[in-house]
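In what follows, a structure is listed as structure tokens, so that the remarks can point back to it.
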Amino acid sequence: MCGIIGIVSDKGNLKERIIEGLKRLEYRGYDSAGVALRKENGIFVRKKKGKVSQLEEELREVEVNSRVGIGHTRWATHGEPSDPNSHPHSDCTGRIALVHNGIIENYPQLKEELRRRGHNFRSQTDSEVIAHLVEEEASRDDFLEAVRRAVNRLEGSFALVIINSDEDALYIARKDSPLVVGLGEGESFVASDIPAFLPWTNRVIFLENGEIGRLSFSGVEIYDFQGKRKEKKPQVIGWSLAQAEKGGYRHFMLKEIHEQAKAISDTIGPRIERDTNSAVIEDLPLAPRHIKDVLILACGTSYHAGLVGKFYFEELAGLKTDVDYASEFRYRRPVLSPSTLVVAISQSGETADTIGALRKAKEMGAPSLAICNVVGSSITREADSVLYTHAGPEISVASTKAFTTQLSLLYLLAVYLGRERGKIDREQESGLLSQLLSLPSKIEHMLREQEEKIREIGVDLSSYNDALYLGRHLNYPIALEGALKLKEISYIHAEGYPAGEMKHGPIALIDENLPTVFIATESKVLDKVRSNMEEIKSRRGKIISLLSGEHPEIEELSDGVIKVPLVDEYLFPIINIIPLQLIAYYAADFLGHDVDQPRNLAKSVTVE
Ligand code: M6R
């Protein structure tokens, strides 16, 4: 996955704005960065291994007065991170430059063919073939037609922005990788994601698969891959610039952790009818009484949300629910029926595995619902219906507010389905929703009271090589998610496990060098969790506990305690994950890691 941006503007001087846009896209990849700017007689290209800030430094003294330019920040797939493999890529003449996000699957054949026709390649990437293909076609056609003919030869996925040395215009094309156009005054933008150009416009057009276009100072023309003109209406996006900036926090992750109370309110508020305290769900692909079972498909953190969702759907709505890793589901021969509600959960809406799994489920005739944060993303367009989380832009690679808004929405949906299917009555519904509505203020209270304590625990944990996260029942998925957070940003090996399973193997690992984080908040299995703690303590293991209410015997067993407010049992997962996010954050920050852009990762994984 990579981030791409293009700007065409009658105001000129685009270098700084392209760099600024790239910084906002860096969450999509940060192996290398580059820009191409059209100058008086040619195209200026500068690209470099490393982060956008390194490229910025290199460009500090460079003056190019350009009215059209493109930029790229890379997450390497084909070809190691290096200067030559960085984008933009150019044709043989240097009169065409492009940036690409995606994978060209038939690039070996195309490269061979182009080589035979005399083209010289300078990189190991799949993307460079596109520049040479356009060069071939441009020798016999006008530029838009050349781009159209070239993209028709590509197999795989692509979001493309292409410039040539003769005109102030951007040429764009999309198949299975995101691309959004922004419309300003005397200027037009295109990028992988809206925050890249949010400082300059919030009027956007989402490009669909199979669309190609030309952007100029005055706007955009869009065609399909056969060359037929398409009319598309711009939408105004409600995201504010402040949401896409750090707002005084050291890192996006810390800001996003602190935004969770508001993000949950924004997600549930419009869906609860206040007079009656009842759930309003705007769009489902199947009437609740016709749903026989549920299948949740997702990856990573969103998969963990799905595991909690299974409890909600089964216990509140009486619906048998399976949860599958999207990457596994794709290659199985699953059993689905037209009355299986398939729920694809994704923050970005661009995760390749989740898109692939959703397509497979649709081919099998199942109705589908997307739970997604990014408006207009691929998953939202492919699913039959969409419920948006309103978390706002999540920039940090480690997902935080997306997760808690997904959980809140799953809970609300389960309450709605439970009511519509006659599993819970109006009074129970009202009680469950009152609990949900009280969650944001409890989260704020916990952050005020406990953050310093959590910071100390995180710093302490940073001195270990491994950690174990244990929870039972609804908190088992939270143990998985807590461990994932620690791994991905602090690089400390961590494992999430069902507390009751520990005695079947992992207990052999316990000694004074392996700390265990126990999720031990109020639940019907708390006594059993306490017994699991005793088993650890008697083997000299160090224990950190997440506790609610008064449990002196658990405090006695613990080396560190974090107090979580009392909430309904079903809502503990939503509040319990927050201290675990903070533990990971403070451990990683103490170790000096790049919290928002951890090594080897990218925000949305658009490759298989
Ligand atoms: O955008 P998605 O929710 O589909 O992304 C799925 C995973 O790639 C994502 O949750 C990943 O695990 C995060 N880095 C976890 O913090």
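For ligands, and for the atoms within them, numbers begin at 1 and follow the listed sequence. From a predicted model like this one, the values you see are computed outputs, not experimental measurements.
Legend: residues meeting ring-ring contact (aromatic ring centres under 6.0 Å, His included) with Phe158, ordered by chain and number and at least two apart, are absent. Here His593 pairs with Tyr491 under the ring-ring contact (aromatic ring centres under 6.0 Å, His included) rule; sequence neighbours left out. Taking the ring-ring contact (aromatic ring centres under 6.0 Å, His included) definition, one finds that Tyr27 meets it with nothing, sequence neighbours left out.
Residues Ile4 and Arg28 fail the side-chain proximity criterion, which asks for heavy atoms closer than 4.5 Å.
Protein residues lining ligand 1, listed by chain and number: Cys299, Gly300, Thr301, Ser302, Ser346, Gln347, Ser348, Thr351, Val397, Ala398, Ser399, Lys485, Glu488 [non-hydrogen atoms, distance under 4.0 Å].
Here the side chain of Gln597 pairs no donor or acceptor atom with the backbone of Val397 at under 3.5 angstrom.
Contact record, Ile371 with Gln406: CG2-CG, 4.5 Å, taken as the closest heavy-atom pair.
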